[in-house]
Every structure is written in C-alpha cells, then in structure tokens.
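Letters A, B, ... mirror the listed sequences (proteins, then strands); counts begin at 1.
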Amino acid sequence: MKQRSSWQRTHTCGELNLAHKDQEVVLNGWIENHRHHGQLVFLDLRDRYGITQIVVDQEAKGTAAGTFDVVKRLGAEDVISVRGSVRARDADKVNKNRATGEIELVALQVTVLSEAETPPFEILDKVEANEELRMQYRYLDLRRRPLQEALLKRARFVTAIRNYMQEHRFIDIETPILTKSTPEGARDYLVPSRVHPGKFFALPQSPQIFKQLCMVAGLDRYYQIARCFRDEDLRADRQPEFTQIDIEMSFVEEHDVLDMVEGMVVQGMREGFGIELPQPFPRFDYFEAMDKYGCDKPDLRFGMTLVDCSALAAKSDFKVFKGAVETGGIVKGICAEGAAEKYSRKGIDELTTFVTGLGAKGLAWAKVTATGLEGSIAKFYEGDKGKELCAHMGAKAGDLLLFVADSKKVVHKALGDLRLKVGGTMGLRDPKVFRCCWVLNFPMFEWNDEKGRWQFAHNPFSAPVNWDVKDFSVDTENIRSRAYDFVMNGWELGSGSIRIHRTELQARVFEFLGISKEQQRANFGFLLDAYKYGGPPHGGIALGVDRIVTLALGREGIRDVIAFPKTSMAFDLMAEAPGAASPEQMAELQIASTAKRPG
RNA sequence: GGGGGCGUAGCUCAAUUGGUUAGAGUACCGGACUGUCGAUCCGGUGGUUGCCGGUUCGAUCCCGGUCGCCCUCGCCA
C-alpha cells in the first residue's frame with residue numbers, strides 16, 4: 001500500500017466527472033478564481049490537468065470546524081488541499097466549457113499549503129500582461145494553459161522523434177558543449193578556460209564536426225536532440241540557444257536521408273500535434289523552386305506559381321516588357337484566382353509600393369473580365385493578344401494578373417514575396433494546413449560582397465553534385481552542392497547535405513575559398529586527419545525543433561514554445577543573465593573586461 | 001550597426017492645441033449577498049507619467065540624450 005499524507009491528492013483537477021459521484025476525494029492546486037456569496041463560496045482550483053469547482057457551504061453537514069474561516073481568507077494563486085465529496089451538478093448549473101463541468105467538489109476540509117502574494121499579472125488563458133513582464137515572471141506565465149500546452153506537445157513531439165530514431169537503429173550520442181571556435185559562420189559564444197590561461201572554449205553552433213566524426217568512427221547512424229548556440233542578433237524566430245534534431249547517416253545518398261527524415265517528421269507531427277501531413281513531400285531542384293515560387297522555401301499551401309512570360313513579352317508593344325527582355329531580363333507574372341474584386345485601384349497601388357520596396361521598378365497588372373483585360377497593360381493586350389496572355393497564365397474572368405519585368409533576381413524576389421502577400425490576403429495561407437517539401441541541389445558557393453570573395457552557401461563539408469569537379473573557380477555560381485532544405489509552409493525548418501568524405505576534395509574546397517593550410521589545420525585538422533583513416537560516404541540533416549513546434553501550434557514566435565527564453569537582446573529577464581563576474585573570478589580566469597559600462 | 005513601434009496605478013489602457021486635483025476597466029482591501037462559473041452591488045487604497053536634461057509662465061504631451069521591450073534590415077556558413 002502506497003503511503004499518502006492526508007493532504008495529498010487522490011485525483012487531479014482535470015479528471016473528476018459523474019463517474020466519481022459521491023466519492024470522497026482530495027485535490028491539490030492553485031486558486032484560479034474565487035466567488036464569494038456570503039455564506040457560500042466557489043473556488044476554481046487549477047492544476048496542470050484542469051480546473052475543478054470547489055463549493056464551500058457554511059451550512060453543509062460534515063464540514064470540518066473552521067473550514068469556512070480558512071476559505072474566507074483565500075485569494076488568487078494560494079496553494080491549497082481540499083478534501084471533499086464529489087457532487088453532480090443540477091442540469092442548469094453544468095459548466096459546458098470545462099471537462100469537469102458536470103460535477104463540483106463540496107469541501108469537507110480545506111488546508112492551505114502555501115499562501116501567495118497578489119501576482120504581478122493575472123494568470124488567465126488569455127494574455128493580458130505584456131511579454132516583458134511575463135518573461136520576468138516566467139514561472140507565473142508558465143502556469144497559463146497555452147504555455148503548458150506548448151511544452152506538453154513539444155515533449156510529445158520530441159518523444160515521438162526519439163521513438164522513431166530508436167526504431168530505425170539511430171544512436172543518441174551526446175557531443176561536447178565545451179568545444180572549439182570556428183572562423184566561418186555565426187559568432188561563437190566563448191567560455192574562458194581557467195587551466196589554459198588566455199584560451200577559450202566555444203559553445204557549439206551545431207554538433208556538425210562531431211557527428212561526422214561519429215560516422216568515421218563507424219557508428220553508422222547518429223542522432224541527438226542537441227542544444228546549439230549562436231551569438232547573432234535575434235528575431236521572433238531566433239534565440240541565442242535553440243534545439244535541433246541532429247542526424248547523420250553513413251553509406252547513404254540524398255533519397256535515403258530524405259525518406260528517413262520524411263517518415264520521422266510525419267510520425268512526430270502526428271503523435272506530437274495530431275497533424276497528418278500529406279505524403280510524399282514534393283522534391284524541388286533549387287532552380288525549379290526559384291523559377292516557380294521565387295524563393296528557396298516555397299509555401300505549398302497554395303498555387304499562384306510564377307509564370308514566365310518573357311517570350312510573349314518580347315513580341316509585345318509594351319515597352320517595359322519588351323525592353324526588359326531585350327536587356328537580358330525576364331518578365332514573369334502570377335495569376336491570383338478570383339482576386340480582381342478583392343483589389344481596388346488603391347489596393348493595387350499598395351502592391352506596387354510593396355514590390356518597388358523590393359527593388360522592382362513597378363508592377364504591371366490586369367483584371368480579367370468576361371470581355372477582356374482591364375488595367376495598366378490592357379491597351380497592349382486587346383483582343384487575341386489578351387486571350388493569348390490569359391491562356392498562358394491560366395487565367396479566367398475574375399482573376400487578377402500581376403507582372404514584374406526586371407533582372408531574374410529582382411523578379412523572383414518581388415514576385416515571390418508578392419505571391420505570399422496576395423496569398424495571405426486571399427486567405428490561402430491557413431495556419432491549420434501543413435504542406436512540406438524538399439529543396440535540393442543548392443548552389444555550393446555564394447558571393448560575399450563585403451568580403452569580396454566566395455563563401456560557402458551551406459557549410460564547408462557539403463559535397464558538390466559533381467564529385468569530379470576539377471576547378472571551383474570555373475563557373476563558380478553554377479556549381480551545385482548536394483545540400484537540401486526541409487520546408488514547411490514557407491519556413492525553412494531543416495538543412496543538410498551529403499558530405500565530402502575524402503581529404504583531397506575537402507582540401508581543394510578550402511583552398512578555393514582561400515583558407516590556408518594553416519587555418520585548415522587549426523580549425524578542422526582533426527576532421528581532415530580522421531578522413532585519412534577511412535571516412536565512409538555520409539550525409540545528414542539538422543531540423544529546428546523550436547520552429548517546428550511554433551509552426552505546428554500556430555504560435556507567434558519561438559519564445560512561445562521555449563520554457564525559459566531570452567529577449568531580443570539575448571537577456572534573461574528572470575535570471576538576469578548574463579551577469580557580472582566578480583574580480584576574483586576574472587582574475588582566476590586571467591581575463592579583463594574592456595567594457596565601458598561594466599556589469 | 002541601421003530603421004520603425006512602444007513605455008502613464010499591480011495589470012490593460014485613456015487623457016483635446018502644451019493648461020484646473022492625470023481618469024476608466026480590472027486586480028487588491030473593506031462591506032452586502034446561498035448557485036456562481038470573467039458573479040453582482042456599494043465603498044476604498046493605489047501615480048517619481050521608464051530615467052536624465054532642455055524649451056516654456058506651465059510638459060504625460062514638444063526637443064535632445066539614455067535605459068528597457070517588441071518588430072525589422074544587415075547578420076545568422
């Protein structure tokens with residue numbers, strides 16, 4: 001027989017119903033609300049599982065002496081234990097908004113476990129206090145149901161992922177948190193070493209190199225729910241520390257990784273959030289995604305794809321169209337189905353302002369009517385020409401056509417963003433609908449204007465699509481890597497690649513980017529050495545847990561799904577971290593601060 | 001690092017062109033009330049208008065600086 005103190009609960013605040021009628025039970029919890037009626041008091045008692053109404057009746061039989069005096073003094077957030085009898089409510093007194101609404105607990109005895117001061121904000125499901133205050137008192141904010149629900153579902157999701165990985169022979173391997181700084185990529189968080197004066201550990205931006213070493217070690221399939229750290233400026237979807245599902249597999253090609261991860265995501269979304277994802281996830285070549293959606297993370301909840309109209313534009317009388325093509329640019333359009341009515345002249349002006357803000361010189365448009373086109377380009381597309389354009393765009397009466405003529409880069413940026421904006425306005429981006437896809441074969445390098453040199457587009461270890469590429473300096477911008485992104489609803493949620501597993505090729509990539517032998521040795525020496533002793537072909541991916549959960553739950557930002565987040569200035573308002581180090585600590589670490597405003 | 005928004009009672013907000021004693025809802029405290037469930041009714045406490053400085057007879061309001069929070073561009077291989 002388990003021991004239970006008299007104050008300890010027999011049930012939770014979410015589970016009592018008519019089946020427990022007339023039973024004597026004990027509940028523990030926080031007082032969410034209290035309603036005093038003189039000789040009759042109602043308490044809403046809350047715990048993680050729900051809310052149960054407690055009734056304290058001065059005149060009820062069997063109530064312990066003094067109970068009513070205790071209850072009269074109770075207030076919000078006091079922690080109490082209630083021994084009572086479960087009573088069915090009369091039909092007209094049932095609260096249909098609560099799982100426990102058919103019953104109430106008639107108090108026989110009330111014990112105060114902990115008194116609460118008036119909280120700085122009311123603990124209600126609906127957010128009333130501002131986020132700054134809520135972050136300062138995060139432990140109070142976390143009492144709110146929406147936050148608890150996010151943490152619960154996040155945990156269920158991660159558990160589903162772990163189960164899936166376990167089922168597929170992956171080994172959960174912990175990699176170092178105290179590791180080494182690398183020059184490329186994000187700014188590192190540094191940790192001074194006491195026993196190595198003047199030297200610093202870096203917190204990992206990701207376990208990238210270690211997971212590849214796991215492959216060299218022959219561990220074959222690695223995964224980790226890994227904390228990562230990046231000291232860059234923050235956004236609604238970025239925290240200085242965040243969590244990745246990190247995966248690496250040996251002896252694989254792209255489709256092996258993609259198939260495996262696809263199954264994992266489907267299982268995680270189903271078991272974590274009850275979301276069924278349509279399969280298979282479409283797989284786009286990078287340039288195909290850019291051509292059709294104007295971006296490398298397409299939102300597939302709706303169509304409205306970009307249609308190339310350059311050929312039609314070239315023979316047009318419209319100078320803007322014709323001129324763009326003649327000077328090496330392109331003309332593309334989108335067809336917003338049924339949007340003609342939704343956009344007034346003023347609405348279209350706003351769209352024009354929107355695209356000019358993205359670098360476009362203007363926005364050409366036309367509304368399709370039963371008789372032809374209306375709008376800025378109508379006079380160039382009368383009669384058959386108009387019909388030809390509509391046929392090309394797949395447009396029918398009531399649709400709105402929007403065109404941008406410019407360089408390919410500008411057209412894709414402007415129309416890609418415009419597509420999302422118009423799609424949003426037309427209600428095509430339903431937050432309860434989820435569509436995933438893969439984007440493959442990203443460019444291997446990108447030009448860094450500031451530094452005046454090429455740099456990795458993805459990471460230094462991504463293999464080129466063509467293993468035999470002789471010279472990276474030839475046609476550099478068209479060299480593709482075996483890198484892929486996982487995308488859901490227009491969010492990049494994961495990124496990975498098939499890796500380079502041979503020293504020679506890795507060395508040539510570094511060499512091309514002007515990373516000297518010395519730098520290579522200093523930064524990645526142990527990885528390059530490892531490959532000398534037999535590195536298997538391998539590849540992997542990392543998925544952002546915080547972002548997936550945020551998207552699945554339809555929350556505003558990732559702070560909503562992290563128990564103890566930091567502000568956009570990377571400050572923990574509750575713990576007041578970071579904080580000052582004492583002179584003694586600094587001296588022991590042999591470091592000094594040059595900050596103008598210490599502590 | 002740049003741009004934008006915000007900062008007034010514990011909380012959410014208001015306050016006319018710069019003008020009397022800075023208001024309301026809610027919370028809290030006190031009172032009434034035996035069927036409420038965002039209880040209701042009556043009364044009350046509660047303010048360095050983020051901070052510093054300037055303009056002015058007079059500043060919540062205008063100006064400069066500063067601190068904090070949020071969004072965003074750069075940044076985040």
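Of the P atoms belonging to rU21(B) and rU49(B), the separation is 15 Å, rounded to the nearest Å. A gap of 27 Å separates the C1' atoms of rA9(B) and rU17(B), to the nearest Å. One P atom belongs to rC61(B), the other to rU16(B), and the distance between them is 12 Å to the nearest Å. Comparing the C1' positions of rG58(B) and rC41(B) gives a spacing of 42 Å, expressed to the nearest Å. Between the P atoms of rC75(B) and rG54(B), the separation comes to 42 Å (whole Å). Between the P atoms of rA32(B) and rG50(B), the separation comes to 40 Å (whole Å). Rounded to the nearest Å, the gap between the C1' atom of rC28(B) and that of rC11(B) is 11 Å. As rounded to the nearest Å, rU66(B) and rG4(B) have P atoms that lie 14 Å from one another.
Side-chain proximity of A236(A) to the nucleotides rC11(B), rU72(B), rC37(B) is greatest for rU72(B). With distances taken from any side-chain atom of E59(A) to the nucleotides rU34(B), rC11(B), rU36(B), the minimum falls on rU34(B). Checked against rC71(B), rG35(B), rC69(B), the side chain of R559(A) finds its nearest nucleotide in rC71(B). Side chain of E232(A), nearest nucleotide from rU34(B), rC76(B), rC71(B): rC76(B). Of all nucleotides listed (rC11(B), rC37(B), rC70(B)), rC11(B) comes nearest to the side chain of A129(A). Closest contact between the side chain of M135(A) and the listed nucleotides rU34(B), rU36(B), rC69(B) involves rC69(B). Here rC69(B) is the nucleotide among rC69(B), rC70(B), rG35(B) with the atom lying nearest to any side-chain atom of M569(A). Among the nucleotides rU36(B), rC70(B), rC37(B), the one closest to the side chain of E104(A) is rU36(B).
In this structure, rC62(B) and rG54(B) make a Watson-Crick or G-U wobble pair, each of the two defining distances being under 3.5 angstrom. Nucleotide rG43(B): paired with rC29(B) (Watson-Crick or G-U wobble, both distances less than 3.5 Å). Pairing for rU17(B) is absent, judged as Watson-Crick or G-U wobble with the two contacts each under 3.5 Å. When both distances must be under 3.5 Å, the Watson-Crick or G-U wobble mate of rU8(B) does not exist.
Looking at R238(A), its side chain comes within 3.5 Å of the base of rC76(B) through a donor and an acceptor atom. Counting atom types as modelled, E122(A) pairs no side-chain N or O with a base atom of rG38(B) as donor and acceptor under 3.5 Å. Judged by distance alone, with hydrogens and angles left aside, R134(A) brings no side-chain donor or acceptor close enough to the base of rC11(B) to form a pair under 3.5 Å. Judged by atom type and distance alone, D233(A) reaches the base of rG74(B) through a side-chain donor-acceptor pair under 3.5 Å. Applying the 3.5 Å distance criterion, the base of rG38(B) shares no donor-acceptor pair with the side chain of R35(A). Residue side chain R87(A) reaches the base of rG35(B) through a donor-acceptor N/O pair under 3.5 Å, judged by distance alone.
The aromatic rings of H37(A) and F42(A) sit perpendicular to each other, their planes meeting at more than 60°, with 30° as the lower class boundary.
Judged by ring centres under 5.5 Å apart and planes tilted less than 30 degrees, F42(A) stacks against the six-membered base ring of rU36(B).
R98(A) and D44(A) are joined by a salt bridge, as a carboxylate oxygen and a charged side-chain nitrogen come within less than 4.0 angstrom of each other. D285(A) has a carboxylate O that lies under 4.0 Å from a charged side-chain N of R480(A), or vice versa, which qualifies the two as a salt bridge. The pair E102(A)-R89(A) does not count as a salt bridge, with every side-chain nitrogen at least 4.0 angstrom from each carboxylate oxygen.
I558(A) places its CD1 atom 15 Å from the C1' atom of rC70(B), with the value rounded to the nearest Å. If you take NE2 of H36(A) and P of rG35(B), they are 15 Å apart, rounded to a whole angstrom. Atom CZ of F121(A) is separated from atom C1' of rU12(B) by 13 Å (rounded to the nearest Å). Per the geometry, CG belonging to D560(A) stands 13 Å off C1' belonging to rC70(B), to the nearest Å. Rounded to an integer number of Å, the gap from E556(A) CD to rC71(B) P is 10 Å. Between H34(A) atom NE2 and rU40(B) atom C1' the separation is 15 Å, expressed in whole Å. The interatomic distance linking E131(A) (CD) with rC6(B) (C1') rounds to 13 Å, in whole Å. Between the CG atom of D417(A) and the P atom of rU72(B) there is a distance of 14 Å, rounded to whole Å.
Aromatic pair F524(A)/F461(A): ring centres closer than 6.0 Å.
Phosphate proximity of rU12(B) to N130(A): present, with a side-chain N or O under 4.0 Å from OP1 or OP2. For rG10(B), the OP1/OP2 oxygens have no side-chain nitrogen or oxygen of T118(A) closer than 4.0 Å.
D231(A) comes within contact range of no nucleotide atom at all, as no heavy-atom separation falls under 4.0 Å. Nucleic acid contact class of R235(A) (heavy atoms, under 4.0 Å, all strands): base. Looking at heavy-atom distances under 4.0 Å, L124(A) makes no contact with the nucleic acid at all. Nucleic acid contact class of Q58(A) (heavy atoms, under 4.0 Å, all strands): none. Base engagement by P460(A) is indicated by at least one non-hydrogen atom pair under 4.0 Å involving a base atom.
Between Q39(A) and A457(A), the residue anchored closer to the 5' end of RNA chain B is Q39(A), taking for each the nucleotide with the nearest heavy atom. Positionally, the nearest nucleotide of RNA chain B for R73(A) lies more toward the 5' end than for the other of R73(A) and D57(A).
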Where do I80(A) and N28(A) land on the side chain to side chain contact (heavy atoms under 4.5 Å, CB included) test, with the steps shown first? CA-CA 6 Å; I80(A) 62 171; N28(A) 299 161; over 6 Å; no
Take E104(A) and L16(A) through the side chain to side chain contact (heavy atoms under 4.5 Å, CB included) test and state the conclusion after the steps. CA-CA 8 Å; E104(A) 61 194 359; L16(A) 295 176; over 6 Å; no
Between I225(A) and Q244(A), is a side chain to side chain contact (heavy atoms under 4.5 Å, CB included) present by the stated rule, with each step listed? CA-CA 6 Å; I225(A) 309 296; Q244(A) 287 188 340; over 6 Å; no
Hey, mind stepping through L40(A) and V55(A) against side chain to side chain contact (heavy atoms under 4.5 Å, CB included) and telling me if it holds? CA-CA 7 Å; L40(A) 184 72; V55(A) 188; 3.7 Å; yes
